2 protein chains.
Amino acid sequence: MKKSLSMKEIAELAGVSVATISRVMNQNGGYSTETEEKVRSAIKKYNYVPNSAAKSLRTNRAPIVGIIVPDILNEYYSRLVFELQMAFFEEGYLTMICNTNESSTLEEKTVQALIAQSVSGLILISGVNYQKRSLATGIPTAYIDRRPQDDERGIVYVESDNVQGGYMATKELIECGCTRIAFITDMLGESSKIGRFKGYCNALNEADIPIDPSLTMRVQNVAIDDAFQVVSEALEKGITFDGIMCTTDMLAIGATMASEAAGYKVPEEMKITGFDDVSATTLFRPSITTVHQNTDAMTKLVAELLIDLIDGKKLKEQDYTIPVTLMKRASTRGE
Amino acid sequence: MKKSLSMKEIAELAGVSVATISRVMNQNGGYSTETEEKVRSAIKKYNYVPNSAAKSLRTNRAPIVGIIVPDILNEYYSRLVFELQMAFFEEGYLTMICNTNESSTLEEKTVQALIAQSVSGLILISGVNYQKRSLATGIPTAYIDRRPQDDERGIVYVESDNVQGGYMATKELIECGCTRIAFITDMLGESSKIGRFKGYCNALNEADIPIDPSLTMRVQNVAIDDAFQVVSEALEKGITFDGIMCTTDMLAIGATMASEAAGYKVPEEMKITGFDDVSATTLFRPSITTVHQNTDAMTKLVAELLIDLIDGKKLKEQDYTIPVTLMKRASTRGE
DNA sequence: TTCATTTGCGTAATCGTTTACATTTTATCA
DNA sequence: TGATAAAATGTAAACGATTACGCAAATGAA
């Protein structure tokens, strides 16, 4: 284990003081071009790498941002994480990506651990307001995709226009001739899902279709099997509907499978929409009509906001909503 | 910004010295149960969180392991990363997951950055031997999935039995009646792909089928479109074959689409196998016969090995191969 | 030339831990 | 009871950076 040289040693080798090395490293000025040259060549020659623990200790901040994600196996979230990482790397930040598996206890532990690492900032996909719980006080924090339930507009938040997305998906079903439209979601606790439900209601109201509570179905996980089961049961029980709006693509795929298994042709006798536009929507037959979230815009924006926060800038706006796009495919319109 | 208390302050509040606090925190012994109780309650009461930068500075090691992954949007890799993260979290390590997008310059930068963070160890999915390049000297390192090309058995490495996997997939095609079997892969530079090719050759040899170089096709990326194109072209050119062994599932899906587009029925007239067993293989119709990698065993093992390395233990064995399983599905056998 | 500024650089305190060593307290035993 | 060993606790020096402060030399104005 060849330990790397410290600033002090480099200083001796370069014939200057540690202060000068530090100044050159951080380009703080207060040195001549001549000295700078001397220092730079010593740094290069001896391959000096500053000790970031010492730096963090002194400056009370590491060039790292923590990212809390509930389920990295979900393609939508892994896309978010991927883009976040790229955005931060370009700005000189490393990211610690932490998957919480939708477990709040694991999430809390992880946030603790990240804080202990004195990360510069936190990106959260979470329904918990840590600032309020005074866990993350003082650490710049921005939320994306999910808004904490107990938010009082104190947080920085970026989301898709879920209401609009829910509205567009439902309207597509109506336009394609559906008159009884079911709604499937996992827990309605997440703000994004609530928005989608609101959009669903808006579209129905606009078309003067009454909202039938028996057509709202809940599911434990956003998994194909869960949707399959709940749709199969509803159909068996004799509940009738000719369209299903699902709050995720996996639910839509499960719903399609169940409909077909029960003898309904999709899209002829049953039309279905998803949400997120993951790759499976075009791999699966019929391809799934879905709402595309502009993750690229979302992640770039939230990264920018967090960095502004870290740099101590005041934000004009704390709350952002990004437009979505409807992708019309076979599950509503056929090939 | 409410700064959290330091050990010194806690010490005063608890009426003991910093050394005692430290001893209790690290359970180093040398304190009475009574004192321990006093310390613990103060820690809890004032919500003390140790500063990890200071700790790292002193101990010269952060409880973090870096993970380099080439493409986190690839479900196989995201599964690997997910499991790695869980395994390390359980052992008290946080992970810094860094996606390199298959770019070697980005990869190098990232490794540099991780080292500067004084991570305790590195998990690499990479074809580059950083120890040899003396970039990562002294940092415990383990490779998974890809073996560095210039390896001289100096590294710790865990992989699937790719040769066996390639053999099983090809043999399945032969058993199902194929006589001219194509092979599609991306760059053959990666050790895993080379192994799969070797398995393919082994199976053909065993069945006395000559290896026809015109049946080996290369593709730029492991993307559906790339496979679609190369298979379509081959078919147009009049190259004949009745089976395709693909080195990833996405290639298999693309190959299937191309075959069907060219008028071949899968599996009746064209049989296809994939590799990795991602979820799309069962979503896609026909479902894809594929080789399942035991990622759970791989990640648990590599995490254990790296931690042993970090703890300074000697490893009995440096090189591990994990068995794979063939998942027989519709693309070779029909429904 | 003289005094005031500015510039360049070094000294040393500091961040919050760990830990070797010193010191005090308690336990053990003849 | 004393002497001695063992256990519990405290003191202070690191770790490697940043930075306030001070001093010397260079520059400029008069």
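Within every chain, numbering begins at 1; the chains are lettered A, B, ... in the order of the sequence lines, protein sequences first and strands thereafter. On a predicted model such as this, the values are computed, not experimentally measured, just so you know.
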(message) In this structure, how many angstroms lie between the C1' atom of C:dT18 and the CG atom of B:Asn51, rounded?
(response) 13 Å

(request) Check the pair A:Tyr143 / A:Ile125 against side-chain contact (heavy atoms from CB on, under 4.5 Å), numbers first and verdict last. (result) CA-CA 6 Å; A:Tyr143 287 78; A:Ile125 303 176; over 6 Å; no

(message) When you measure from the side-chain N and O atoms of B:Asn26 to the phosphate of C:dT18, is any distance below 4.0 Å, counting only OP1 and OP2?
(response) yes

(message) Between C1' on D:dC15 and NZ on B:Lys55, what's the gap in Å once rounded to a whole number?
(response) 15 Å

(request) Give the rounded distance in Å between these two atoms: CD1 of A:Ile21 and C1' of D:dT19. (result) 15 Å

(message) Could you work out, with side-chain hydrogen bond (donor to acceptor under 3.5 Å, both in side chains) as the rule, every residue matching A:Ser126, not counting sequence neighbours?
(response) A:Glu107

(request) Using side chain to side chain contact (heavy atoms under 4.5 Å, CB included) as the criterion, list what pairs up with B:Thr95, not counting sequence neighbours. (result) B:Val65, B:Ile67, B:Gln85, B:Phe88, B:Ile97

(request) Would you work out how much the helix from C:dT1-D:dA30 to C:dA30-D:dT1 bends between its ends, with each end axis defined by five base pairs, to 10 degrees? (result) 40°

(message) Rounded to whole Å, how long is the line connecting atom NZ of A:Lys8 with atom P of D:dT18?
(response) 16 Å

(request) Let me know the distance between CD1 of B:Ile43 and P of C:dT17, rounded to the nearest Å. (result) 10 Å

(request) Return the value, rounded to whole Å, for the distance between atom CD of B:Gln27 and atom P of C:dT18. (result) 13 Å

(request) For A:Gln27, check side chain to side chain contact (heavy atoms under 4.5 Å, CB included) against everything at least two apart and list the hits. (result) A:Tyr31, A:Arg40

(message) If you compare every side-chain N and O of B:Tyr48 against the phosphate oxygens of C:dT17 (OP1, OP2), does one of them come in below 4.0 Å?
(response) yes

(request) Whole angstrom is fine here: how far is it from CE in A:Met25 over to P in D:dT18? (result) 7 Å

(message) Looking at B:Asn28, I'd like to know whether one of its side-chain N or O atoms comes within less than 4.0 Å of OP1 or OP2 on C:dT18.
(response) no

(message) Return a single string for nucleotides 6-14 of chain C, one symbol per nucleotide in 5' to 3' order, where B is base contact, S is sugar-phosphate-only contact and - is none, cutoff 4.0 angstrom on heavy atoms.
(response) --SBBBBBB

(message) What is the distance, to the nearest angstrom, from the CG atom on A:Leu57 to the P atom on C:dC15?
(response) 9 Å

(message) Suppose we screen for side chain to side chain contact (heavy atoms under 4.5 Å, CB included). Which residues come up paired with A:Ser104, at least two apart in sequence or across chains?
(response) none

(message) Under the rule for side-chain hydrogen bond (donor to acceptor under 3.5 Å, both in side chains), what residues qualify as partners of B:Glu75, not counting sequence neighbours?
(response) B:Ser279

(request) List in chain and number order the residues that pass side-chain hydrogen bond (donor to acceptor under 3.5 Å, both in side chains) with B:Tyr48, two or more places apart in sequence or in another chain; answer none if no residue qualifies. (result) none

(request) Could I get the full list of side chain to side chain contact (heavy atoms under 4.5 Å, CB included) partners for A:Ala54, not counting sequence neighbours? (result) A:Asn51, B:Leu57

(message) For the OG1 atom of A:Thr100 and the CD atom of A:Glu108, what is their distance to the nearest 0.5 Å?
(response) 11.5 Å

